[in-house]
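Presented below is the structure to which this report refers.
For ligands, and for the atoms within them, numbers begin at 1 and follow the listed sequence.
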Amino acid sequence: MTKNEKAELYRFLTVAQGWAQGFRVETSEPEFADDGIADSRQEVPRSGFATVDDVACAVAHCEGCPLAATRTNAVPGEGPADLRAIEVMAIGEGPGADEDASGRPFVGKAGQLLDRMLASINLSRTENCFIANIVKCRPPQNREPTPEESAACREYLQAQIALVKPKMILALGRTAAQNLLGTSEGINRLRGSFYDYDGIPLLPTYHPSALLRDETLKRPAWEDLKAFRAELDRLKNAQA
Ligand code: URA
């Protein structure tokens, strides 16, 4: 129990005792012998995971939805080891065959294109960008994750966002954008505009797989990336 939790419980019990006995009791700040030890736990973010590695470990052992039964490897996500270097999170839908085989996000053809897209705006998974997915295990035949599968995985993504604290989020494709924004609007309408995700600017754009299927989407995707970079620079200048 943290110091605040203990103090709150102490105050509650003291006041309850006062009311039970028919008079008010003034409460003072209590001190506990293990305050110093408990205090360190207050650094743990709301999610309950202390580090990104803790999230990855939980994901690796997760049995929270049926996708666990068919995965080869869970794919928690990856980025630079130094979280302070991370400016952006790029979030896709879920692992495909290559990602399931390797345990790493976006390593197939779409991943190679994603790396080039990120590089074009000076972002990379080794320097300043964390790459994650809505679901951490491959849906069979690369089908879209069900709402139940996405919901079962949500705490992991939320924890990653809370720990990484990106300045901005790039939502890759309809599934990512819809899940993050809680909307059923299509990607053609969502893309190109900025939204607020828990205080973090979020831009939906086309998924790299869509760009591989349809060349005509490359131009609007490039416009999105340029707008994303401009907003990131604006934010960084404002914070400097
Ligand atoms: N597509 C995704 O959405 N995520 C991956 O990790 C790979 C392909």
Side-chain angles (χ1 to χ4, degrees), residues 52 55-56 58-60 62 64-68 70-80 86 88-120 123-126 128-154 156-161 164 166 168-183 185-188 190-191 197 202-215 217-218 220-221 224-225 228:
V52 167
V55 181
V59 164
C62 182
C65 85
L67 297 183
T70 51
R71 72 176 174 229
T72 310
N73 290 292
V75 182
E78 69 183 29
I86 300 175
V88 164
M89 268 182 85
I91 301 175
E93 174 175 318
D98 295 311
E99 292 77 21
D100 178 65
S102 65
R104 298 182 56 215
F106 280 100
V107 290
K109 279 218 163 67
Q112 288 157 26
L113 176 56
L114 175 62
D115 282 339
R116 292 201 297 278
M117 289 162 67
L118 293 174
S120 73
L123 295 172
S124 99
R125 64 174 87 199
T126 54
N128 50 13
C129 181
F130 191 94
I131 299 183
N133 279 304
I134 296 293
V135 293
K136 314 298 190 191
C137 298
R138 182 191 184 198
Q141 281 83 50
N142 296 346
R143 64 159 169 75
E144 191 180 329
T146 65
E148 292 74 25
E149 290 158 358
S150 302
C153 233
R154 193 159 296 137
Y156 300 129
L157 184 58
Q158 283 174 345
Q160 288 172 321
I161 296 171
V164 167
M168 291 182 48
I169 294 173
L170 188 63
L172 301 164
R174 177 177 59 81
T175 303
Q178 288 182 342
N179 269 278
L180 289 161
L181 298 174
T183 176
E185 199 68 77
I187 189 67
N188 288 325
L190 290 171
R191 65 146 284 270
Y197 178 90
L202 180 152
L203 181 76
T205 190
Y206 292 114
H207 193 285
S209 300
L211 304 184
L212 290 173
R213 282 193 303 269
D214 182 351
E215 287 267 324
L217 300 180
K218 283 191 173 164
D224 294 345
L225 291 175
F228 189 83

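Residue Gly94 has at least one nitrogen or oxygen atom sitting less than 3.5 Å from a nitrogen or oxygen atom of ligand 1, judged on distance alone.
The closest protein non-hydrogen atom to atom 1 (N) of ligand 1 is His207 NE2, 3.3 Å. The protein non-hydrogen atom at the shortest distance from atom 4 (N) of ligand 1 is Asn133 OD1, 2.8 Å.
A salt bridge (Lys or Arg N to Asp or Glu O under 4.0 Å) check over residues 70-80, counting only residues at least two apart or in different chains, returns the pairs Glu78-Arg104, Glu78-Arg125.
For the residue pair Gln178 and Arg174, a side-chain donor N or O sits within less than 3.5 Å of a side-chain acceptor on the partner.
Against a heavy-atom cut-off of under 4.0 Å, Gly92 is close to the following atoms of ligand 1: 3 (O).
For the pair Gln160 (side chain) and Pro76 (backbone), a donor-acceptor distance under 3.5 Å is present. At distances below 3.5 Å, at least one donor-acceptor pair connects side-chain atoms of Glu99 with backbone N or O atoms of Gly108.
Of the residues Ile91, Leu202, Leu225, the one that meets the side-chain contact (heavy atoms from CB on, under 4.5 Å) test with Leu170 is Leu225.
At a heavy-atom cutoff of 4.0 Å, ligand 1 is contacted by both the backbone and the side chain of Glu93.
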